[in-house]
Amino acid sequence: MIPIFRSTDTRNVKRVLRSGETQLKKAEAAARRILNDVRREGDRALKRWTLRLDKMDLAREGFTVRRSEIVKAYRQVPEGFVDAVRTSARNIRKAAREQLPRAWQITNGAGIEVSQILRPLSRVACYVPGGRFPLPSTVLMSVIPAQVAGVEEIFVTSPRPAPAVLVTADILGIKNIFRLGGAQAIGAFAYGTESVPRADKIVGPGNRFVAAAKKLVAGDCGIDFVAGPSELMVVASEGNAEWIASDLVAQAEHDPDAVAIFLTPSRKLALEVQGAVEGILEQVFARETDVPAKALDGHGAVVVTKDLEEAIDLVNEFAPEHLTLLDGAARMLRRVRSAGSIFLGETSPVAAGDYASGTNHILPTAGAARLRGGLSAADFVKTISVQALTPQGLGRIRKTITTLARTEGLKAHAYSIETRFKVHASTPKGR
């Protein structure tokens, strides 16, 4: 059962708010060991850890998926799946185009031109979780922004990639799909091995071990952010208890470590949502799996706050991956400082963003939303500054540069400016 706490119960509230960060820290030791093995031993470590953790023999299966497997996968996906992928892809691609930064050029006075150019990353690895569910939606969310940005080489990697994952990657034109998962996959693309190319950047969500591994390789390889087990906060003072409960359970079914929290100043609504959660667990899952129940019991909570303002303060402290604001809470959007993705109103469920509204569902977790938002096409390009100064333009800011350089004690910097004027002054006219 999802527990109910008052906001004054600071011990339990903090425990729930920090559960994601706590799980990540616990996973780092195991992830570090695997990464070190992959860095030292390459393919040999990948084979050993994949056999041990995923029960798959890479020596027999091969590191990449064969074309015959992809052809077979088309016969295994449900009717209408290909059309659903194409519709979702169209919406995601449209949003991704708007996310790209722009090239620009300005003049800072006569003779001083400053501009910005864009260049895509060369090689990107898109991690798609395996686990209990196939996640073709994550293929869409990671591959399409990279394509929009113009990345030349895009790889998809997933432990035991499901037919739906294979078909989606094929529809998007991905040529190389790897059967690698867990921390060992992150290590493979971060460092490169005999069979796995080193990537400029690794993106995509995963369990706490994948998230920990990405955090640990960030100094050697680009990553999007820490994207671990799913998180949701819902804020409301009134609303449909079953709808609220359904969103909480939807997040909880991702992973036993998922975090689902409902914040409300209404004790009555809190009790109604608690009861509705139990009803949905029984009705939808018929106790066929205990994953949602475990997540809600261990990392879920209904928190009764003093008012909506206090609820929003808790949101900003937690910085959730997903945030749903209902009724009067939606009017408090301006007070929200930290959240990965926000859903406004009762008919904007998180599942819409998970699949087809067009926004990206690869989002920061474990507090990382304090620093940035979700994955976008901008994550796959480099913005490079360019400057071009004429002799007259350099002369206009000559004193400014040399004064600042000498103040910092960097005499050679000042000299690099002054020497140009000595050469320029002695250069014969017409040369």
Side-chain angles (χ1 to χ4, degrees), residues 1-5 12-13 15-24 26-27 128-138 141 159 162 164 181 205-211 227-236 239-264 269-304 315 318 320-324 326 339-341 343 346 348-355 361-363 365-366:
M1 176 180 292
I2 187 169
I4 297 178
F5 306 122
N12 275 315
V13 170
R15 175 182 60 79
V16 174
L17 291 183
R18 294 287 166 260
S19 62
E21 295 177 28
T22 301
Q23 294 299 317
L24 181 63
K26 289 180 179 178
V128 179
R132 298 177 303 120
F133 305 109
L135 292 175
S137 56
T138 299
M141 299 289 178
N207 62 23
R208 64 181 186 270
F209 298 102
V210 171
S230 191
E231 303 166 349
L232 168 66
M233 272 187 160
V234 181
V235 181
N240 186 307
E242 186 172 6
W243 292 0
I244 294 169
S246 70
D247 284 353
L248 296 174
V249 175
Q251 291 308 302
E253 77 173 329
H254 277 292
D255 191 291
D257 294 326
V259 177
I261 301 171
F262 175 46
L263 303 169
T264 180
L269 184 58
L271 290 168
E272 290 174 350
V273 168
Q274 184 187 52
V277 165
E278 288 301 300
I280 292 170
L281 288 173
E282 187 65 43
Q283 177 184 343
V284 175
F285 296 100
R287 302 299 178 183
E288 66 188 32
T289 175
D290 60 355
V291 168
K294 278 185 176 180
L296 292 167
D297 182 54
H299 311 289
V302 176
V303 179
V304 181
V315 166
F318 179 62
E321 177 190 23
H322 304 94
L323 171 64
T324 296
L326 305 177
S341 189
F343 301 80
E346 289 189 327
S348 302
V350 172
D354 283 345
Y355 294 109
H361 81 196
I362 299 174
L363 302 164
T365 65

*Determine, step by step, whether T324 and L232 satisfy the side-chain contact (heavy atoms from CB on, under 4.5 Å) criterion, reporting the C-alpha distance in whole Å, the side-chain angles of both residues, the deciding distance to 0.1 Å, and the verdict.*
CA-CA 8 Å; T324 296; L232 168 66; 3.8 Å; yes
Closest heavy-atom pair and its distance - [X], [Y]:
X    : Y    : value
G206 : P129 : CA-CG, 4.1 Å
P136 : A164 : CB-O, 3.6 Å
A162 : P134 : CB-CB, 3.4 Å
A276 : A241 : CB-O, 3.9 Å
L363 : S341 : CD1-CB, 3.7 Å
P229 : A258 : CB-N, 4.2 Å

_Check: V277 and V249 side chains under 4.5 Å, non-hydrogen atoms_ = yes
*Are any non-hydrogen side-chain atoms of F262 and L248 less than 4.5 angstrom apart?*
yes
Can you name the side chain to side chain contact (heavy atoms under 4.5 Å, CB included) partners of [X], sequence neighbours left out?
X    : answer
V16  : F5, I261, A301
K26  : T22, Q23
A270 : I4, T264, V302, V304
N240 : E242, W243, E346

_If we ignore hydrogens and angles and just use 3.5 Å, is the side chain of N207 paired with the main-chain N or O of V210 as donor and acceptor?_
yes
To the nearest 0.5 angstrom, please state how far the [atom1] atom of [X] sits from the [atom2] atom of [Y].
X    : Y    : atom1 : atom2 : result
L281 : D290 : CG    : CG    : 10.5 Å
S230 : D257 : OG    : CG    : 11.5 Å
L24  : T365 : CG    : OG1   : 7.0 Å

*Step by step, would you call V234 with L263 a side-chain contact (heavy atoms from CB on, under 4.5 Å)?*
CA-CA 6 Å; V234 181; L263 303 169; over 6 Å; no
*Which is it for M233 and H322 under the side-chain contact (heavy atoms from CB on, under 4.5 Å) test, yes or no, and what are the steps along the way?*
CA-CA 6 Å; M233 272 187 160; H322 304 94; over 6 Å; no
*Can you sort out the partners of D255 under side chain to side chain donor-acceptor pair (under 3.5 Å), two or more places apart, ordered by chain and number?*
none
*Taking only residues two or more places apart in sequence or in another chain, which ones pass side chain to side chain donor-acceptor pair (under 3.5 Å) with T138?*
H361
*Full working for side-chain contact (heavy atoms from CB on, under 4.5 Å) between E231 and Q251*: CA-CA 7 Å; E231 303 166 349; Q251 291 308 302; over 6 Å; no
